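These notes concern the structure reproduced below.
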Amino acid sequence: MRAERSLSGRDPATGRPMTVTVRDGLISAVEDGPRGEGHWISAGLVDLQVNGFGGHDLNAPGLTAETVIGLARSLQRQGVTTFLPTLITAEHEKISHALTVIAEARRTDPLAAHAIPYVHLEGPHISPQEGPRGVHDERNIRPPSPVEFDAWQNACGGLVGMVTLSPHYPGSTTYIAELVSRGVHVAIGHTHADPEQIHAAARAGARLSTHLGNGAHAVLPRHPNYLWSQLADDDLTACLIADGHHLPPDTLTVMIRAKGLDRSILVSDAVAVAGLPPGRYRTPVGGSVELHDDGRLVAAGIPYLAGAARSLADGVAHTVRATGLSLAQALRLATVQPGRFAGGRGRLEVGQPADLIRFTHAPGDRELGIDTVWVAGQDTPG
């Protein structure tokens with residue numbers, strides 16, 4: 001049974017009559033025209049994987065608190081009110097420095113503190129094989145180490161809250177169980193692990209698959225392989241890049257159907273050039289890259305992807321077009337579902353932080369037309 005409630009009032013900006021309809025606690029429609037046309041309101045988007053956006057790069061050398069704060073504001077303008085800064089494979093000292101800087105940004109800026117519940121480490125405990133490692137530097141890939149993890153937590157006051165790893169390493173299940181016992185979310189990704197290792201990781205407490213279908217070999221056995229194993233395991237929730245480039249529409253559709261709405265999450269996995277004009281750029285990870293008009297980011301001169309360059313809001317709109325999900329269902333994959341791993345954020349209900357977005361969307365649109373973002377009840381500058 002669908003829960004629905006309507007309230008009538010006036011738009012505080014225009015004074016025009018409007019009706020707000022709340023459906024299932026997820027989304028409400030603001031009707032301000034004679035045919036009920038107007039804006040939609042949703043809980044703010046929650047992105048569990050962000051490497052950068054709008055020129056702000058978390059993995060560049062010399063990261064500063066200003067970069068982290070600037071990233072939070074850039075993402076807000078895209079409707080993302082909660083996000084996980086994501087640090088990829090690097091030297092121990094570089095990761096420690098970045099963690100220290102992110103912690104400083106949260107201490108000094110209330111917006112960053114509100115937007116960032118914790119940090120996501122994507123590596124360095126991933127597969128060194130060509131394909132699964134993606135653009136991660138093979139020289140810095142290494143096995144899990146509780147001692148190293150403790151050093152990172154000490155550097156940032158316990159801010160690491162998610163770790164993506166490949167469970168092919170000996171002792172992986174012990175490491176996973178230890179992190180989970182400390183309240184850290186563990187995700188499987190960038191892996192060549194066999195099905196038994198995948199399922200053992202899930203039994204040990206891993207609960208997510210990082211950008212499933214990407215960070216993988218170009219050619220896999222039909223079966224078994226690590227994609228089927230992750231799709232089949234009900235303990236794993238799949239994070240999916242819905243930018244129209246990383247997963248073809250059929251693949252995105254089938255993966256969401258296999259996992260179901262309760263075990264699917266949309267992420268952007270955005271890099272620093274996301275949100276910038278099309279053109280060629282030089283990036284610390286990937287080198288020379290070319291950003292196309294459609295948001296496809298490739299290594300310059302070759303067709304291979306060099307990262308994701310679309311916002312999470314664009315991913316919601318693409319999911320509606322590509323899979324046949326309703327707008328409310330697609331929004332759920334970018335609000336409520338990731339919010340389960342971010343302290344319950346992403347819910348439009350009494351008692352939750354007033355993180356809201358107002359936007360337009362019509363069938364066939366390639367993006368959400370976000371015009372207003374509220375963070376903790378405050379209208380943020382455009």
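Along the sequence shown, residues carry numbers from 1. Keep in mind the model is a prediction, meaning the values are calculated, not measured.
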With a 3.5 Å distance limit and no angle check, can you tell me whether Glu178 reaches the backbone of Thr174 through a side-chain donor-acceptor pair? no
All heavy atoms of Gly189 vs all of Thr210, minimum pair found to be CA-CB, 4.2 Å
Considering all heavy atoms, the nearest Gln78-Ala313 contact: O-CB, 3.6 Å
Are Val119 and Leu111 connected in the hydrophobic side-chain network, where two residues link if heavy atoms are under 4.5 Å apart? yes
Is the shortest heavy-atom distance from the side chain of Val267 to the side chain of Asp47 under 4.5 Å? yes
Using ring centroids (six-membered ring only for Trp), state whether His192 and His217 fall under 6.0 Å. no
Under a 3.5 Å distance rule, please check whether Asn225 uses its side chain to pair with a backbone N or O of Trp228 as donor and acceptor. yes
How about Val289 and Val298: do any of their side-chain heavy atoms sit closer than 4.5 Å? no
Would you say Tyr226 and Val254 are hydrophobically clustered, going by side-chain heavy atoms of ILVMFWY under 4.5 Å? no
Shortest non-hydrogen pair, Leu227 vs Gly213, comes out as CD2-N, 3.9 Å
Side chain to side chain contact (heavy atoms under 4.5 Å, CB included) between Gln129 and His168, intermediate numbers included: CA-CA 12 Å; Gln129 294 185 10; His168 74 277; over 6 Å; no
Verify, without hydrogens or angle tests, whether Thr86 (side chain) and Val50 (backbone) share a donor-acceptor contact under 3.5 angstrom. yes
What residues join Tyr169 in its hydrophobic cluster, counting side-chain heavy atom gaps under 4.5 Å, either direct or through other members? Ile126, Ile141
Taking atom types as modelled, find out whether Glu122 and His211 have a side-chain donor-acceptor pair closer than 3.5 angstrom. yes
If you measure from the Lys or Arg side-chain nitrogens to the Asp or Glu carboxylate oxygens, is any gap between Asp150 and Arg182 under 4.0 Å? yes
Tell me, with the steps shown, if His56 and Ser74 meet side chain to side chain contact (heavy atoms under 4.5 Å, CB included). CA-CA 9 Å; His56 306 289; Ser74 291; 3.3 Å; yes
So, Arg133 side chain and Glu138 main chain: donor-acceptor pair closer than 3.5 Å or not? no
Do Arg207 side-chain atoms and Ala202 backbone N/O form a donor-acceptor pair below 3.5 Å? yes
Is the shortest side-chain heavy-atom distance between Asp365 and Phe359 below 4.5 Å? no
Regarding His120 and His185, do their side chains bring together a donor and an acceptor under 3.5 Å, going by distance alone? no
Nearest 0.5 angstrom please: Leu208 CG to Leu236 CG, how far? 8.0 Å
What pairs of residues pass the salt bridge (charged side-chain N to carboxylate O under 4.0 Å, His left out) test when at least one of them lies in residues 296-319, not counting sequence neighbours? Arg310-Asp314
If you measure from NE2 on His199 to CD on Glu196, what distance do you get to the nearest 0.5 Å? 7.5 Å
For Pro284 and Asp57, the nearest pair of non-hydrogen atoms, with its separation, is CD-OD2, 3.4 Å
Test your reading of the model: is there a side-chain donor-acceptor pair from Ser42 to the backbone of Ile357, 3.5 Å cut-off? no
In Å, rounded to the nearest 0.5 Å, how long is the span from OG of Ser96 to CG of Asn154? 9.5 Å
Ile188 and Pro167, any side-chain heavy atoms less than 4.5 Å apart: yes
Assess, by modelled atom type and distance only, whether the side chains of Ser166 and Thr191 contain a donor and an acceptor separated by less than 3.5 Å. yes
Is the shortest heavy-atom distance from the side chain of Thr82 to the side chain of Pro117 under 4.5 Å? yes
Report yes or no: does Lys259 contribute a side-chain atom to a donor-acceptor pair with the main-chain N or O of Ala232 at less than 3.5 Å? no
Ion pair Arg73/Asp109, N-O distance below 4.0 Å: yes
Could you walk me through whether Ile116 and Val68 pass the side chain to side chain contact (heavy atoms under 4.5 Å, CB included) test, one step at a time? CA-CA 10 Å; Ile116 300 170; Val68 178; 3.8 Å; yes
Atom pair CG/CD1 of Leu247 and Ile241 - distance to nearest 0.5 Å: 7.0 Å
With distance as the sole test, does Asn59 use its side chain to make a donor-acceptor pair with the main-chain N or O of Ile88 at under 3.5 Å? yes
Nearest heavy-atom neighbours spanning Ala112 and Ile69: CB-CG1, 4.4 Å
Are Trp152 and Val163 close enough, and set up right, to give a side chain to side chain contact (heavy atoms under 4.5 Å, CB included), and what steps lead you there? CA-CA 12 Å; Trp152 286 328; Val163 173; over 6 Å; no
Ile265 versus Phe341: any side-chain heavy-atom pair under 4.5 Å? yes
Tell me whether Gln352 contacts the main-chain N or O of Arg345 through its side chain, where contact means a donor paired with an acceptor under 3.5 Å. no
Test of understanding: clusters of I, L, V, M, F, W, Y form through side-chain heavy atoms closer than 4.5 Å, transitively. Do Leu305 and Val273 belong to the same one? no
Reported CG-to-CG distance for the pair Leu84 and Leu159, which is rounded to 0.5 angstrom: 10.0 Å
Leu266 CG to Ile256 CD1 distance, which is reported to the nearest 0.5 Å: 6.0 Å
Do Tyr281 and Leu71 land in one hydrophobic cluster if side-chain heavy atoms of ILVMFWY residues count as linked below 4.5 Å? no
Closest heavy-atom contact between Ala270 and Ala274? CB-CB, 3.9 Å
Please report, to 0.1 Å, the donor-acceptor pairs under 3.5 Å made by any side chain of residues 367-375, with sequence neighbours excluded.
unit_1	atom_1	unit_2	atom_2	d
Asp371	OD1	Arg358	NE	3.2
Asp371	OD2	His39	NE2	2.5

Do His246 and Asp269 meet the criterion of a side-chain donor-acceptor pair at a distance under 3.5 Å? no
Keeping the roles fixed (side chain from Arg203, backbone from Thr173), state whether a donor-acceptor pair exists under 3.5 Å. no
May I ask you to decide if the ring planes of Phe149 and Tyr175 are parallel, tilted or perpendicular, using 30° and 60° as cut-offs? perpendicular
In the structure I gave you, are the side-chain heavy atoms of Pro124 and Asn140 within less than 4.5 Å of one another anywhere? no
Please tell me if the side chains of Val320 and His361 come closer than 4.5 Å, counting only heavy atoms from C-beta onward. yes
Please determine whether residues Leu297 and Phe53 belong to a single hydrophobic cluster, defined as Ile, Leu, Val, Met, Phe, Trp and Tyr linked transitively by side-chain heavy-atom distances below 4.5 Å. no
